[in-house]
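What follows is a single structure, written as structure tokens, with notes after it.
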Amino acid sequence: MVAFDSTILSLLLFPDAELREGPEGKAVQHARERVLGLVRELEDAREQVLVPAPALAEVLVTPGVDVQDVLNTLRSSSFIRIGDFDERAAVELAMRLRAAIRASDQREGLRITKTEMKFDRQIVAIALVNGARVLYSDDDGVAKFASTCGLAVKRVADLPVPASQLELSLGERESGHAKEPGVGDTGPDPAP
């Protein structure tokens, strides 16, 4: 099982979603295509994808999002499931928070609010208690906390650009007709 946070879920669900990283806010090229390629690989391998409920909440608060449409899309997938913040996740989170408090570094050196910190840690706790082996995230707080908990983290930039997208980009450059990313291309269905 793998887990997706809100950044990955947004790229999966929304064709016009962009991902920027680093202090300069540099766009990750072919971000959505990378995530769609990952989803195809996971589906082919019959791997389950866990979406922790707090990550889902972060996506659902996006202005203009049709909540019911997102829920229907996720519920219709045979390999995506929502992970609840249940008793096991609460205990996992509490134990990790107690350790951070003892170390006098609740925020683990990150400049984030307490609310952000709690959401990030809930996402990681849910992934851990559900047996996720990898957490796909481009959120620095989530990634740092997951790594300190021994959970492998992969960012979108770590994912390969699907060969079909590379061929398309190469063909556009050779013809001199480079297409703006995402324009006129709705891509495949977001959640199979």
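In this text, all values refer to a predicted model and were calculated from it rather than measured experimentally.
Here the CD atom belonging to Gln48 is positioned 7.5 Å from the OG atom belonging to Ser78, to the nearest 0.5 angstrom. Rounding to the nearest 0.5 angstrom, the gap separating the CZ atom in Arg32 from the CG atom in Asp16 is 9.0 Å. How far CD of Glu33 is from CG of Leu11: 9.5 Å, rounded to the nearest 0.5 Å. Within the model, atoms NZ of Lys154 and CD1 of Ile8 stand 12.0 Å from one another, a figure rounded to the nearest 0.5 Å. Rounding to the nearest 0.5 Å gives a distance of 8.0 Å between CG of Leu50 and CD1 of Ile82.
Side-chain contact between Glu21 and Val156 is absent, with no heavy-atom pair separated by less than 4.5 Å. Two residues are said to be in side-chain contact when any heavy atoms from C-beta on lie closer than 4.5 Å; Val2 and Leu42 meet this criterion. For the pair Thr73 and Ile80, the minimum side-chain heavy-atom distance is 4.5 Å or more. In this structure, Ile123 and Phe145 have side chains that are not in contact, with every pair of non-hydrogen atoms separated by 4.5 Å or more.
Note on Val51: it clusters hydrophobically with Phe14, by side-chain heavy-atom contacts below 4.5 Å among ILVMFWY residues. Two different hydrophobic clusters hold Phe4 and Val153 under the rule that ILVMFWY side chains link at heavy-atom gaps under 4.5 Å. In the hydrophobic clustering of ILVMFWY residues, with side-chain heavy atoms under 4.5 Å counting as a link, Leu36 and Val70 come out together.
A donor-acceptor pair under 3.5 Å is formed between the side chain of Thr7 and the backbone N or O of Asp138.
Taking every heavy atom of both residues into account, Phe119 and Pro54 meet most closely at CE2-O, 3.6 Å. Heavy atoms only, all atoms of each residue included: Phe85 and Ala90 are closest at CZ-CA, 3.6 Å. Of all heavy-atom pairs between Ala157 and Arg34, the closest is O-NH1, 3.2 Å. Listed here is the closest heavy atom pair of Leu93 and Gln122: CD2-CG, 3.7 Å.
A side chain to side chain contact (heavy atoms under 4.5 Å, CB included) with Leu13 holds for exactly one of Val59, Val35, Thr62; it is Val59.
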Let me check something: any side-chain donor-acceptor pairs from residues 124-137 under 3.5 Å, sequence neighbours excluded? List them with distances.
from, atom 1, to, atom 2, distance (Å)
Asn130, OD1, Arg81, NH2, 2.9
Asn130, ND2, Ile126, O, 2.8
Arg133, NH2, Glu47, OE1, 2.6
Ser137, OG, Asp5, OD2, 2.6
Ser137, OG, Asp139, N, 3.1

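Judged as a side chain to side chain contact (heavy atoms under 4.5 Å, CB included), and not counting sequence neighbours, the contacts of Gln68 are Asp66, Leu71, Asn72, Arg75. Listed by chain and residue number, Met95, Arg102 satisfy the side chain to side chain contact (heavy atoms under 4.5 Å, CB included) test with Arg98 (two or more places apart in sequence, or in another chain).
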